[in-house]
Amino acid sequence: MNEEFAFNMMSVPASPDLLNHDVVCTAQAGQLLSAGCLEYETAAYGIAYHKDTETYYYISSREDSMLDFIKNAYLENLQFTPLRYFFKRFDLIDESEEEIKEKFRLEIAQRLYDFYPDVFFEALQDLTTAPCANAAYPLVEKIAAQLENSFDQHHLNIFENLLEFLLQSRLLSKEGYYIFLKWLHNEREKSSIEPIASSIYRRTYTGFAYEKPDGNIGYFADAVHHLALEKRNSYINKGYLVTPLLSIQYYADSFNNLQKTRQSFLSTIKQYLDANYISIMKAFQQLPSGIDTEKYHMYAAKIAETGKEKAIEAFQYYGHLWNVI
């Protein structure tokens with residue numbers, strides 16, 4: 001047996017009955033815990049959202065499930081907190097994995113409850129009650145016309161993420177979103193082919209371009225989707241101009257060759273999300289906001305009074321997303 005996981009039976013405390021099962025198990029569990037063998041790692045994504053004057057919490061260990069929920073929430077005009085990722089280690093001496101997962105979910109809900117006061121949700125709901133002005137529709141229509149019959153899957157994938165971004169920004173209405181989503185489906189159908197790339201070595205990169213207030217353009221890429229999403233959110237909160245996300249899956253015949261795909265991905269996003277695309281995003285940023293600016297700043301002051309740092313940051317993020325600051 002590997003020495004790191006070996007039991008030292010001589011360390012079992014003296015007892016009238018050295019074969020007492022509970023005593024032996026406790027001693028062995030203590031050694032396993034010290035060696036890190038009984039630690040259980042768990043992680044989950046969490047958001048809080050408001051519906052019918054009540055606050056709810058959506059917590060999931062699956063990234064795809066969380067992203068689907070967020071997309072549907074925007075379509076239903078549900079307002080929620082920025083996506084957060086939580087991680088913790090537990091020991092398995094007193095609780096099962098299922099008990100730990102349930103405990104962890106409750107801890108996440110409690111933390112989200114502590115982060116965001118009621119006035120934060122009141123502000124989001126009040127500011128988004130009015131119908132979306134759909135200001136981005138004419139410009140999106142022009143972009144779609146340029147992409148028609150291009151058969152370029154990367155451009156189409158960027159376009160899909162652009163639609164989601166504009167929906168979140170309240171620059172594109174739900175009706176407009178569905179119109180362009182149908183157009184996108186038809187474009188993909190024109191060039192639909194069965195994927196043939198396959199390997200046990202594969203990796204998906206997600207990235208975006210951004211421009212700082214001083215005009216410098218940069219690129220961010222990560223093999224973990226939610227980290228790219230969180231980074232983009234943090235850049236929005238800083239007032240950076242950001243582009244839609246682009247995700248590409250790579251295959252390789254060895255792990256070493258797979259390591260080289262990051263540079264290939266960076267070259268690709270620089271090609272697709274170039275200075276011209278930055279200019280397109282500037283045009284969207286200059287559109288009139290669908291949010292009452294005066295009312296936004298009134299709520300911003302109220303939220304600042306609570307002293308809740310996460311809520312203040314999140315509301316500032318929405319201010320940039322909505323083109324009001």
Work out which heavy atom in [X] is nearest to a heavy atom in [Y]; give both atom names and the distance.
X	Y	value
Glu160	Leu181	OE2-CD1, 4.5 Å
Ala221	Leu266	CB-CD2, 3.8 Å
Leu184	Leu156	CD1-O, 3.6 Å
Phe284	Leu171	O-CD1, 3.7 Å
Val324	Ser289	CG1-OG, 3.2 Å
Tyr219	Ala209	CE2-CB, 3.5 Å

Measuring only between side-chain heavy atoms, which start at C-beta, is [X] closer than 4.5 Å to [Y]?
X	Y	answer
Thr42	Phe87	no
Ser267	Gln271	no
Arg170	Asn77	yes
Ile325	Tyr296	yes
Lys71	Leu67	no
Ile47	Ile70	yes
Ile248	Thr204	no
Leu321	Phe165	yes

Does a side chain donor of either [X] or [Y] reach within less than 3.5 Å of an acceptor in the other side chain?
X	Y	value
Ser150	His155	no
Tyr299	Asp126	yes
Tyr56	Glu54	no

Rounded to the nearest 0.5 Å, how far does [atom2] of [Y] lie from [atom1] of [X]?
X	Y	atom1	atom2	value
His320	Ile236	NE2	CD1	9.5 Å
Leu163	Ile158	CG	CD1	12.0 Å
Ile303	Glu313	CD1	CD	12.5 Å
Met281	Leu273	CE	CG	9.5 Å
Tyr177	Glu175	OH	CD	13.0 Å
Ile312	Glu305	CD1	CD	10.0 Å

Under the 3.5 angstrom rule, does the side chain of [X] hit a backbone N or O of [Y] as a donor-acceptor pair?
X	Y	result
Ser61	Ala43	no
Asp222	Leu227	no
Thr81	Ala48	yes
Thr306	Lys308	yes
Asn72	Asp68	yes
Arg232	Thr243	yes
Asp292	Ala130	no

Problem set entry | Given Tyr235, Phe220, Phe208, the one that forms ring-ring contact (aromatic ring centres under 6.0 Å, His included) with Tyr240 | Tyr235
Problem set entry | Name of the residue among Tyr58, Phe69, Tyr74, Tyr57 meeting ring-ring contact (aromatic ring centres under 6.0 Å, His included) with Tyr49 | Phe69
Exercise. Quick check: are there more than 12 heavy atoms from other residues, nucleotides or ligands sitting under 6.0 Å from NE2 of His297?
Worked result: yes
Exercise. Does CG in Asp52 sit with more than 12 non-hydrogen atoms of other residues, nucleotides or ligands closer than 6.0 Å?
Worked result: no
Cluster overlap [X] with [Y], hydrophobic side-chain contacts below 4.5 Å:
X	Y	result
Tyr178	Leu78	yes
Ile59	Leu106	no
Leu246	Phe151	no

Exercise. Going through the checks in order, is the salt bridge (charged side-chain N to carboxylate O under 4.0 Å, His left out) test met by Arg105 and Glu102?
Worked result: CA-CA 5 Å; Arg105 285 192 286 265; Glu102 183 61 26; 3.0 Å; yes
For this session: Please confirm whether His50 and Phe80 have ring centers closer than 6.0 angstrom.
Result: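 When the ring centroids of His50 and Phe80 are compared, they turn out to be at least 6.0 Å apart.
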Problem set entry | Trp322/Tyr317 aromatic ring centres below 6.0 Å | no
So, using side-chain hydrogen bond (donor to acceptor under 3.5 Å, both in side chains) as the criterion, who are the partners of [X] when residues are at least two apart?
X	value
Asp64	Arg62
Thr293	none
Asn157	Arg188

Donor-acceptor pairs are to be reported for all side-chain atoms of residues 108-125 against protein atoms at under 3.5 Å, with residues two or more places apart or in another chain.
from	atom 1	to	atom 2	distance (Å)
Gln110	NE2	Asp114	OD1	3.1

Exercise. Between Leu245 and His225, is a side chain to side chain contact (heavy atoms under 4.5 Å, CB included) present by the stated rule, with each step listed?
Worked result: CA-CA 10 Å; Leu245 298 171; His225 184 88; 4.2 Å; yes
For this session: Give the C-alpha distance, both sets of side-chain angles, the deciding distance and a yes or no for salt bridge (charged side-chain N to carboxylate O under 4.0 Å, His left out) between Lys282 and Glu211.
Result: CA-CA 10 Å; Lys282 284 181 180 177; Glu211 183 180 80; 3.2 Å; yes
For a quick test of your reading: what N or O donor-acceptor pairs under 3.5 Å do the side chains of residues 133-145 make, sequence neighbours left out?
from	atom 1	to	atom 2	distance (Å)
Asn134	OD1	Ser173	N	2.8
Asn134	OD1	Ser173	OG	3.3

For this session: For the pair Phe104 and Phe86, evaluate side chain to side chain contact (heavy atoms under 4.5 Å, CB included) and give the outcome as yes or no after the intermediate values.
Result: CA-CA 9 Å; Phe104 185 54; Phe86 298 88; 3.8 Å; yes
Seminar exercise, completed: Contacts of Tyr277 meeting ring-ring contact (aromatic ring centres under 6.0 Å, His included) (sequence neighbours excluded), chain-then-number -> none
Exercise. Could you go step by step and tell me if Lys295 and Leu127 meet the side chain to side chain contact (heavy atoms under 4.5 Å, CB included) rule?
Worked result: CA-CA 8 Å; Lys295 188 179 286 188; Leu127 290 168; 3.8 Å; yes
For this session: Mind telling me whether Phe159 and Trp183 have parallel, tilted or perpendicular rings, with 30° and 60° as the class edges?
Result: perpendicular
Exercise. Can you check side chain to side chain contact (heavy atoms under 4.5 Å, CB included) on Arg84 and Lys310, steps first, answer last?
Worked result: CA-CA 11 Å; Arg84 299 187 66 85; Lys310 299 298 183 187; 3.4 Å; yes
